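Both backbone and side-chain heavy atoms feed into the values below; hydrogens, waters and symmetry mates do not. Everything numeric here is computed off the predicted structure, so don't read it as measured data.
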Amino acid sequence: VLLDASYLRLSALTLSWNLPTKWISPVCENLRVYATCNNLFTWTPYKGYDPETGEDYPSAKMYVIGVNATF
């Protein structure tokens, strides 16, 4: 059986925000808040979970939130 393994994938997305200097100037020089997501979305007519690898289990999703500060 031949399957259509075409797909559209959102594999990585990062959103970040640098806080204004006037809000953080007494404490630090720079402050960035961010969120990163991996393997968010896969759209495919393929019957399995992952058309890229052909595996029968879904790709693991990962969510990370964090803060970068410069003092």
Check your understanding: When rounded to the nearest 0.5 angstrom, what distance separates OG1 in Thr36 from CG in Leu13?
Key -> 8.0 Å

Exercise for review: Would you check if Asn38 and Ser59 make a side-chain contact, meaning some heavy-atom pair closer than 4.5 Å?
Suggested key: no

Exercise for review: Tell me, yes or no, whether the heavy-atom count around Leu8 atom CG, taken from other residues, nucleotides or ligands under 6.0 Å, exceeds 12.
Suggested key: yes

Revision key, fill the gap. Side chain to side chain donor-acceptor pair (under 3.5 Å) filter on Thr21, not counting sequence neighbours, yields none

Practice item. Would you please name every residue forming a side chain to side chain donor-acceptor pair (under 3.5 Å) with Ser25, sequence neighbours left out? Key: none

Review point. How long is the span from the CH2 atom in Trp43 to the CG atom in Leu10, to the nearest 0.5 Å?
Key: 15.0 Å

Exercise for review: Identify the heavy atoms of Ala5 and Pro51 that sit nearest to each other, and give their distance.
Suggested key: O-CB, 3.6 Å

Practice item. Please round to the nearest 0.5 Å and tell me the distance separating atom OH of Tyr34 and atom CG of Leu15. Key: 13.0 Å

Practice item. Using a 4.5 Å cut-off on heavy atoms from C-beta on, say whether the side chain of Thr44 contacts that of Glu52. Key: no

Study note, to complete from the structure: For Arg32, the salt bridge (Lys or Arg N to Asp or Glu O under 4.0 Å) test, sequence neighbours excluded, returns none

Review point. Taking atom OH of Tyr49 as the centre, does the number of heavy atoms from other residues, nucleotides or ligands within less than 6.0 Å exceed 12?
Key: no

Exercise for review: Look up atom CD1 in Ile65 and atom SG in Cys37, then write down how far apart they are to the nearest 0.5 Å.
Suggested key: 10.0 Å

**Study point:** Note, Leu40 side chain near Tyr63 side chain (heavy atom, < 4.5 Å)
**Key:** yes

Review point. Looking at Arg9 and Asn39, what are the two nearest heavy atoms and their distance?
Key: CD-OD1, 4.4 Å

Check your understanding: More than 12 foreign heavy atoms under 6.0 Å from CH2 of Trp23: is that the case here?
Key -> no

Revision key, fill the gap. For Tyr7 and Thr42, the nearest pair of non-hydrogen atoms, with its separation, is CB-CG2, 4.4 Å

Study note, to complete from the structure: Shortest non-hydrogen pair, Pro45 vs Ser6, comes out as CD-O, 3.4 Å

